[in-house]
Participant: 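Let me give you the structure first, and then I'll get to my questions.
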Amino acid sequence: MSNLTLTINQQDYEFDTLDPRTTLLDVCRHHLHITGPKKGCDHGQCGACTMLINGRRINSCLTLAVMHDGDEITTIEGIGLPESLSELQQAFKDHDAFQCGYCTPGQICSAMALIEEIKQQWPSHVTTDLQNPNGLLVQEIAERMSGNICRCSAYPNIIKAISQVLENQLSDSSSVINDTRNNEAAALTISGIWSPPPSETQIGNQSIVKPTAHADVANAAYVPDAANAKGERS
């Protein structure tokens, strides 16, 4: 195959003989010895392999490495190391949000994306007010983290850790959050990740032309078909 360059944790890695069938997870673990992402079910169901691609969470066991030439890939190592924990990692430690720790890298990567989604006012499946979703509700956090399984059942403490960081960051950037509610363009400047289009409910039940059969995301935080195409979270 032709040369492939992967940018992982802000470092470039070049491959010229990589089997195009190799998943991003296997490239990290077996080729680069980046072992933070874990191989759990290997079927995209447990979330242990969660990474961030351009700020959006994906199941790396379901996406091929060759699909991500030029993308910004972040694993748990790129979020923080033992000697320099991020705010979220410290919160997981403070709230004892892990036991065996096997799922924790995926949990934290997923929670990082969750916080950005809430900052941008993305709705979830349980959101009742689509225009002003309250991401601080326990049921909102639980729903948004439902793709990450913890076999030790540390869910209450995981939610506490995420809630703490979420409250801190929302209070620190409350003025920015208020602007995003009234200005879609401002939302795009906060983060470079994909933002869902408004639904008919959000724009006052006006008639809109749907570009595809799956473009209405009023009741979902992700576009299922787009997610499945690259192994992304759905």
Side-chain angles (χ1 to χ4, degrees), residues 1-86 88-89 92 98 100-117 144-152 188 191-196 212 214 221-234:
M1 60 166 290
S2 58
N3 290 341
L4 170 68
T5 301
L6 296 178
T7 303
I8 304 175
N9 301 327
Q10 300 183 342
Q11 182 173 343
D12 291 341
Y13 299 91
E14 294 186 357
F15 304 86
D16 55 10
T17 59
L18 184 68
D19 188 323
R21 298 168 295 180
T22 308
T23 66
L24 181 57
L25 176 63
D26 285 342
V27 164
C28 287
R29 290 188 59 84
H30 301 304
H31 294 261
L32 302 177
H33 305 292
I34 299 174
T35 57
K38 299 297 187 284
K39 180 175 285 192
C41 66
D42 206 26
H43 286 78
Q45 297 178 354
C46 72
C49 67
T50 302
M51 298 181 193
L52 301 177
I53 304 293
N54 300 327
R56 188 175 180 182
R57 48 186 167 170
I58 69 162
N59 291 318
S60 60
C61 71
L62 294 183
T63 188
L64 300 177
V66 295
M67 300 168 65
H68 298 290
D69 191 347
D71 288 340
E72 277 295 329
I73 303 167
T74 304
T75 69
I76 189 67
E77 290 88 349
I79 294 174
L81 297 173
E83 63 275 10
S84 56
L85 297 178
S86 69
L88 186 60
Q89 289 171 315
F92 265 66
F98 52 87
C100 76
Y102 193 81
C103 73
T104 304
Q107 297 274 2
I108 292 176
C109 286
S110 186
M112 289 285 292
L114 174 152
I115 291 171
E116 289 303 315
E117 292 163 10
R144 295 169 190 266
M145 290 294 294
S146 60
N148 291 80
I149 295 174
C150 175
R151 289 179 173 86
C152 301
L188 295 176
S191 174
I193 63 178
W194 177 86
S195 182
T212 68
H214 300 289
Y222 306 98
V223 181
D225 285 351
N228 292 337
K230 289 190 176 182
E232 296 179 359
R233 299 287 294 278
S234 59

Participant: Calculate, to the nearest 0.5 Å, the distance between atoms NE2 and OG1 belonging to His68 and Thr63 respectively.
Facilitator: 2.5 Å
Participant: Decide side-chain contact (heavy atoms from CB on, under 4.5 Å) for Glu14 and Asn3; before the verdict, give the C-alpha distance in whole Å, the side-chain angles of both, and the deciding distance to 0.1 Å.
Facilitator: CA-CA 7 Å; Glu14 294 186 357; Asn3 290 341; 5.8 Å; no
Participant: As a quick check of understanding, evaluate side-chain contact (heavy atoms from CB on, under 4.5 Å) for Tyr13 and Val27, giving each step before the final call.
Facilitator: CA-CA 10 Å; Tyr13 299 91; Val27 164; over 6 Å; no
Participant: Show the nearest heavy-atom pair for residues Phe98 and Phe92, with the distance to one decimal.
Facilitator: CE2-O, 3.7 Å
Participant: Distance from Ile34 atom CD1 to Thr75 atom OG1, nearest 0.5 Å?
Facilitator: 5.5 Å
Participant: Could you tell me which non-hydrogen atom of Tyr102 sits nearest to which non-hydrogen atom of Ala48, and how far apart they are?
Facilitator: CE2-CB, 4.4 Å
Participant: Taking all heavy atoms of Ile108 and all of Leu88, pick out the closest pair and write down the distance.
Facilitator: O-CD2, 3.5 Å
Participant: Please step through side-chain contact (heavy atoms from CB on, under 4.5 Å) for the pair Leu32 and Leu6, ending with a clear verdict.
Facilitator: CA-CA 11 Å; Leu32 302 177; Leu6 296 178; 5.6 Å; no
Participant: Is there a donor-acceptor pair closer than 3.5 Å between any side-chain N or O of Asn54 and the backbone N or O of Asp71?
Facilitator: no
Participant: Please round to the nearest 0.5 Å and tell me the distance separating atom CD1 of Ile8 and atom CG of Leu24.
Facilitator: 6.0 Å
Participant: Holding to side-chain hydrogen bond (donor to acceptor under 3.5 Å, both in side chains), I want the full list of residues that pass it with Gln89, two or more places apart in sequence or in another chain.
Facilitator: Ser86
Participant: As an exercise, state the distance from SG of Cys41 to CG of Asn59, rounded to the nearest 0.5 Å.
Facilitator: 7.5 Å
Participant: Quick check for you: to the nearest 0.5 Å, what is the distance between Lys38 atom NZ and Ser60 atom OG?
Facilitator: 11.0 Å
Participant: Please check if the side chain of Asn148 supplies one atom and the backbone of Cys103 the other of a donor-acceptor pair under 3.5 Å.
Facilitator: no
Participant: For Gly44 versus Leu62, what's the shortest heavy-atom pair and its separation?
Facilitator: CA-CD1, 3.6 Å
Participant: Run the numbers on Asn9 and Thr74 for side-chain contact (heavy atoms from CB on, under 4.5 Å), then give the verdict.
Facilitator: CA-CA 5 Å; Asn9 301 327; Thr74 304; 3.9 Å; yes
Participant: According to salt bridge (charged side-chain N to carboxylate O under 4.0 Å, His left out), does anything in residues 22-36 pair up with another residue at least two apart or in another chain? List the pairs.
Facilitator: Asp26-Lys39
Participant: Which value, rounded to the nearest 0.5 Å, describes the distance between Cys109 atom SG and Leu52 atom CG?
Facilitator: 5.0 Å
Participant: Any idea which heavy atoms bring Arg21 and Leu64 closest together, and the distance?
Facilitator: O-CD2, 3.4 Å
Participant: Would you call Arg57-Glu116 a salt bridge at under 4.0 Å N-O?
Facilitator: no
Participant: Among residues at least two apart in sequence or on other chains, which ones pass side-chain hydrogen bond (donor to acceptor under 3.5 Å, both in side chains) with Thr22?
Facilitator: none
Participant: Do the side chains of Asp42 and Cys61 get nearer than 4.5 Å, heavy atoms only?
Facilitator: yes
Participant: Between Cys49 and Pro37, what is the shortest heavy-atom contact and its length?
Facilitator: O-CB, 4.3 Å
